[in-house]
Amino acid sequence: MSIIIDCHGHYTTAPKQLEQWRNQQIAGIKDSSQMPKVADLKISDDDIRESIVNNQLRLMKDRGNDMTLFSPRASFMAHHIGDFNVSSTWAAICNELCFRVSQLFPEHFVPVAMLPQSPGVDPKTCIPEMEKCIREYGAVGINLNPDPSGGHWKEPPLTDRHWYPIYEKMVEYDVPAMIHVSTSCNPAFHTTGAHYLNADTTAFMQLIQGDLFKDFPTLRFLIPHGGGAVPYHWGRFRGLAQEMKKPLLKDHVLNNVFFDTCVYHQPGINLLNTVIPVKNVLFASEMIGAVRGIDPESGHYYDDTKKYIDASPILSAEDKHAIFEANTRRVFPRLDALLKKRGK
């Protein structure tokens, strides 16, 4: 029997005090007299329990999901707001809250860290927070935003040496990164319907264009939301790689790049599992996330993605075990070590 591990969860239901503090911090960017202190944020353990028990934990139990890799709310990262000090303070607060969730519900939540990125700032400034979260909080991975500008794409491609300080630490600590943008501040791109999926697709194309994994053969990236347009346009990417004289995609990127199952209908999951090798697919639901409603065609929540894997006409029992548990343990070695320590 597999442990059902959701590799993509965000603290979207954090107590309202968090958003109130953030709004005050944003006001403080223009008027320093309004800038709140970290100590001004008061969130009790009971506040956290209430926010989790009635939301994520209830739905996890209803759906048969055992464990969630849990990071701060993606749309709240908003790296485009303020300077590095603003992002650094905000990231530390959000990461600590996810750690506290993992302490209160250790069997169900394991932290993944957001980074205090800021547009135009050297990524090496993120390393202290990253190391703290791994060493002190037990974070098993990080979220990496390829576009801290919030929809304007001002940073170099992910294959550029600009990002190497982060990659060196990822290799040192043997942690993967989920490539995940945040809120779009560009009105041309809806945050969850366009910007997220654009970023997933863009990141994959950047990785095809470069040769990053020659420098970092053990680096691992998780592309969320089913890979954006990638599975649907696999022939296009294969053809483009061929024109660029790159190796076959299975050799060029698929030893290092993985995709989650945050695809919210059965045909989409079937396509993902037809095109992408099973070894490269990790179970996830993004719950409670971008799509929260009930599908009128099925009568089930769109983001109850376990049902789609269970109902797959093309996956064997062994394949399903790989997607639900084994692949995630392989891609997140620190999670695997934690589970083994617990006798699982």
Side-chain angles (χ1 to χ4, degrees), residues 2-8 69 140-141 144 158-159 170 174-180 197 199-214 216-286 305-333 335-336:
S2 297
I3 304 170
I4 311 299
I5 305 170
D6 186 333
C7 73
H8 184 177
L69 305 190
V140 298
L144 179 66
L158 289 167
T159 50
M170 287 171 60
D174 203 11
V175 296
M178 178 176 281
I179 298 172
H180 206 308
L197 306 182
D200 304 334
T201 310
T202 298
F204 188 75
M205 189 64 216
Q206 289 177 0
L207 296 173
I208 289 178
Q209 289 176 272
D211 293 293
L212 179 63
F213 304 122
K214 287 184 178 177
F216 298 99
T218 62
L219 196 66
R220 297 181 303 284
F221 290 126
L222 180 58
I223 299 183
H225 319 115
V230 172
Y232 190 68
H233 286 288
W234 193 246
R236 176 181 291 255
F237 292 114
R238 286 175 54 227
L240 290 170
Q242 186 173 313
E243 290 177 16
M244 295 173 189
K245 311 299 182 188
K246 299 296 185 184
L248 296 174
L249 293 186
K250 69 181 180 64
D251 302 314
H252 188 42
V253 293
L254 286 186
N255 292 317
N256 306 83
V257 178
F258 304 86
F259 303 84
D260 78 13
T261 64
C262 292
V263 180
Y264 297 142
H265 63 145
Q266 190 72 50
I269 288 289
N270 294 348
L271 172 70
L272 174 68
N273 288 320
T274 300
V275 175
I276 303 299
V278 166
K279 71 181 181 66
N280 291 85
V281 178
L282 278 58
F283 174 69
S285 71
E286 201 185 344
T305 52
K306 182 175 180 291
K307 286 190 184 303
Y308 308 136
I309 304 299
D310 288 337
S312 170
I314 58 176
L315 295 174
S316 67
E318 184 180 359
D319 292 338
K320 292 175 184 179
H321 170 72
I323 290 170
F324 282 138
E325 177 183 357
N327 293 347
T328 305
R329 293 178 74 142
R330 177 166 48 86
V331 174
F332 291 83
L335 172 66
D336 184 52

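These numbers come from the heavy atoms of this one structure, side chains and all, not from hydrogens, waters or symmetry mates.
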Intermediate values then yes/no, side-chain contact (heavy atoms from CB on, under 4.5 Å), Met170 and Leu219: CA-CA 7 Å; Met170 287 171 60; Leu219 196 66; 3.5 Å; yes

Side-chain donor or acceptor of Thr201 paired with backbone N/O of Ala229 under 3.5 Å: yes

Under 3.5 Å: donor-acceptor pair, side chain of Asp200, backbone of Ile223: no

Check: Tyr308 main-chain N/O paired with Gln266 side-chain donor or acceptor under 3.5 Å: yes

Heavy-atom side-chain proximity of Pro176 to Val331 below 4.5 angstrom: yes

Beyond-backbone contact of Ile3 with Arg329, side-chain heavy atoms, under 4.5 angstrom: yes

Criterion salt bridge (charged side-chain N to carboxylate O under 4.0 Å, His left out) on Lys306 and Asp6, from CA distance to verdict: CA-CA 9 Å; Lys306 182 175 180 291; Asp6 186 333; over 6 Å; no

Heavy-atom closest contact (Cys7 atom, Thr328 atom, distance): CB-CG2, 4.2 Å

Mutual orientation of the aromatic rings belonging to Phe204 and Phe237 [parallel < 30°, tilted 30-60°, perpendicular > 60°]: perpendicular

Closest non-hydrogen atom pair between Leu158 and Ala203, with its separation: CD1-CB, 3.7 Å

Between CD1 on residue Ile323 and NE2 on residue His321, distance to nearest 0.5 Å: 11.5 Å

Whether Asn280 side chain and Phe258 backbone form a donor-acceptor pair below 3.5 Å: no

4.5 Å side-chain heavy-atom contact, Leu69 and Leu335: yes

Heavy-atom closest pair, residues Pro247 and Asp251: CB-CB, 4.4 Å

Any donor-acceptor N/O pair, His252 side chain to Gly210 backbone, under 3.5 Å: yes

Under 3.5 Å donor-acceptor, Lys250 side chain and Asn255 backbone: no

Donor-acceptor contact present, side-chain His265 to main-chain Gly268, <3.5 Å: yes

Pairwise side-chain contact, Leu272 with Tyr232, heavy-atom cut-off 4.5 Å (strictly under): no

Leu212 and Leu207, any side-chain heavy atoms less than 4.5 Å apart: yes

Within-4.5 Å side-chain heavy-atom neighbours: Phe221 and Asn256: no

Flag side-chain contact, heavy atom, 4.5 Å: Phe332 against Val175: no

Where Asp310 and Lys320 come nearest, the two heavy atoms and their spacing: O-NZ, 2.8 Å

Asp336 side chain vs Pro333 backbone, donor-acceptor pair below 3.5 Å: no

Thr261 (side chain) donor-acceptor with Ala284 (main chain) under 3.5 angstrom: yes

Check: Glu286 side chain, His8 main-chain N or O, donor-acceptor pair, under 3.5 Å: no

CA sep, side-chain torsions, deciding dist, call: Val278, Leu315, side-chain contact (heavy atoms from CB on, under 4.5 Å): CA-CA 9 Å; Val278 166; Leu315 295 174; 3.9 Å; yes

Step-by-step side-chain contact (heavy atoms from CB on, under 4.5 Å) determination, Ile309 to Asn273: CA-CA 9 Å; Ile309 304 299; Asn273 288 320; 4.0 Å; yes

Minimum-distance pair of heavy atoms, taken over all atoms of Ile208 and Ala241: CG2-CB, 3.9 Å

Test side-chain contact (heavy atoms from CB on, under 4.5 Å) applied to Phe283 and Ile4, step by step: CA-CA 8 Å; Phe283 174 69; Ile4 311 299; 3.7 Å; yes

CG on Asn270 to OG on Ser312, rounded to 0.5 Å: 5.5 Å

Within 6.0 Å of CZ in Arg330, more than 12 heavy atoms from elsewhere: yes

Pairwise side-chain contact, Lys246 with Gln209, heavy-atom cut-off 4.5 Å (strictly under): no

